[in-house]
Q: 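There's a structure below that I have some questions on.
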There are 2 protein chains.
Amino acid sequence: MDALDKKIIAELQLDGRLTVTELAARVNLSVSPCHRRLRELEESGAIRGYRAIVDLNSMGLSFESLVFATLRWEDRDTVPEFEEAVASVPQVVQAERLFGEPDYLLRVVTADLEAFQKVYDEQLATLPGVQRLTSTIVMKRLVEDRPLKS
Amino acid sequence: MDALDKKIIAELQLDGRLTVTELAARVNLSVSPCHRRLRELEESGAIRGYRAIVDLNSMGLSFESLVFATLRWEDRDTVPEFEEAVASVPQVVQAERLFGEPDYLLRVVTADLEAFQKVYDEQLATLPGVQRLTSTIVMKRLVEDRPLKS
DNA sequence: AATGAAATGATAGCATT
DNA sequence: AATGCTATCATTTCATT
């Protein structure tokens with residue numbers, strides 16, 4: 001992965017729908033080698049895919065919250081089970097395991113508070129191995145999905 | 001925004017580089033109206049853009065951490081200043097203001113621990129109005145940027 | 001608001017340097 | 001590994017239903 005590849009990636013982080021022709025122009029390359037490099041980046045997994053970035057409010061999803069989960073230490077054999085279950089809750093749009101406490105951070109998106117309560121009570125509080133959940137609401141997004149500095 | 005628009009959005013969340021021809025086929029529409037709807041979704045801001053999803057490790061960025069920031073209450077007039085400053089740190093890829101404590105959650109991506117320390121000490125700890133930072137490391141991602149349920 | 005058709009422009013493969 | 005060429009396919013506009 002040389003500087004040109006990084007430039008290609010940077011452009012596609014800004015606009016994932018750039019045509020190869022336009023991309024080639026921006027990185028000062030002709031179309032064919034640009035196309036070849038792009039395919040290699042995709043096939044090597046460096047570029048994992050492309051996503052439309054959607055406005056949550058336009059979709060009627062205006063309630064975003066973070067849920068911190070701590071598991072029971074005695075039940076730590078349920079970790080894989082917990083992780084699988086979390087990943088299958090559609091309203092959980094981001095989830096990760098952390099060092100220290102809490103064990104997990106989940107990002108939950110719903111239409112409103114009522115829908116959140118339902119997800120919290122029925123989908124999250126009942127997950128296997130959960131000792132404690134705490135949650136907070138996202139007041140304002142400052143930085144969202146910023147293209148990477150490297 | 002009707003069901004067809006939501007279907008279009010759902011498809012583009014799965015593959016943001018779908019051609020309009022292919023998109024039209026997937027939502028059972030002919031090319032022209034599909035194209036028109038897509039333009040309207042883009043122009044209304046419902047679709048905010050398109051991004052390549054990049055593999056952090058391939059980019060040499062293998063250290064991901066969360067930094068929680070609490071501001072001094074006396075300095076709450078520095079809030080806008082703090083927010084602007086946070087948004088201008090390139091390694092901060094996601095940031096939001098929360099209800100309760102802590103006040104902010106920042107997601108920081110760097111090449112390694114050493115690079116993180118540098119960002120933490122030089123860019124984050126020195127931000128205006130900061131009372132306390134605490135941080136944790138992301139051990140494992142379970143769910144990343146999931147397409148929205150709705 | 002969807003369809004079909006036609007001109008412009010992009011993609012992807014290949015031969016060349 | 002980059003370039004230029006070319007056939008194929010997609011995009012985008014417009015007239016029509």
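Each chain gets a letter, A, B and so on, in the order the sequences are listed, and its residues count up from 1. Remember, it's a predicted structure, so these values are computed and weren't measured experimentally.
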Q: Once you apply a heavy-atom cut-off of 4.0 Å, does Thr19(B) come out as touching a base, just sugar-phosphate, or nothing?
A: sugar-phosphate
Q: Is the phosphate of dA2(D) approached by Arg36(A) (side-chain N or O, under 4.0 Å from OP1 or OP2)?
A: yes
Q: Taking the side chain of Ser32(B) as its heavy atoms from C-beta onward, which of dT11(D), dT13(D), dT3(D) lies nearest to it?
A: dT13(D)
Q: Go through the side-chain N and O atoms of Gln94(A) and Arg107(B) and say whether any donor and acceptor fall under 3.5 Å apart.
A: yes
Q: Rounded to whole angstroms, how far apart are CG on Asp15(B) and C1' on dA10(D)?
A: 15 Å
Q: Hey, does Arg17(A) reach any base, or is it just sugar-phosphate, or nothing, if we go heavy atoms under 4.0 Å?
A: nothing
Q: Would Arg37(A) and Asp2(A) count as a salt bridge (Lys or Arg N to Asp or Glu O under 4.0 Å) if you check the C-alpha gap in whole Å, the side-chain angles of each, and the deciding distance to 0.1 Å?
A: CA-CA 10 Å; Arg37(A) 293 177 96 111; Asp2(A) 62 5; 2.3 Å; yes
Q: Return yes if the base of dG4(C) and the side-chain atoms of Ser30(B) contain a donor-acceptor N/O pair under 3.5 Å, otherwise no.
A: no
Q: With a 4.0 Å cutoff (strictly under), does any side-chain N or O of Arg37(B) reach OP1 or OP2 of dA2(C)?
A: yes
Q: For the pair made of CD in Glu40(B) and P in dT13(D), what is the distance, rounded to whole Å?
A: 13 Å
Q: Would you mind reading off the distance between Leu41(B) atom CG and dA1(C) atom C1', rounded to a whole angstrom?
A: 15 Å
Q: Would you say the side-chain atoms of Arg17(B) pair up with the backbone N or O of Thr19(A), donor to acceptor, closer than 3.5 Å?
A: no
Q: Please report, rounded to the nearest Å, how far the P atom of dT8(D) is from the CD atom of Glu22(B).
A: 21 Å
Q: Is it true that Lys118(A) and Glu114(A) have a side-chain N and a carboxylate O under 4.0 angstrom from each other?
A: no
Q: State whether the distance check finds a donor on one side and an acceptor on the other, under 3.5 Å, for side chain Thr21(A) versus base dG9(C).
A: no
Q: Could you state the atom-to-atom distance from CG of Leu38(B) to P of dT12(D) in whole Å?
A: 9 Å
Q: Are Glu144(B) and Arg48(A) within salt-bridge range, i.e. N to O under 4.0 Å?
A: yes
Q: To the nearest angstrom, how far is Leu18(B) atom CG from dT11(D) atom C1'?
A: 14 Å
Q: Which of the following nucleotides, dT13(D), dA2(D), dA2(C), is nearest to the side chain of His35(B)?
A: dT13(D)
Q: Whole angstroms only, please: what is the CG-C1' distance between Asn28(B) and dT3(C)?
A: 15 Å
Q: Please report the distance, rounded to the nearest Å, between CZ in Arg26(B) and P in dA10(D).
A: 13 Å
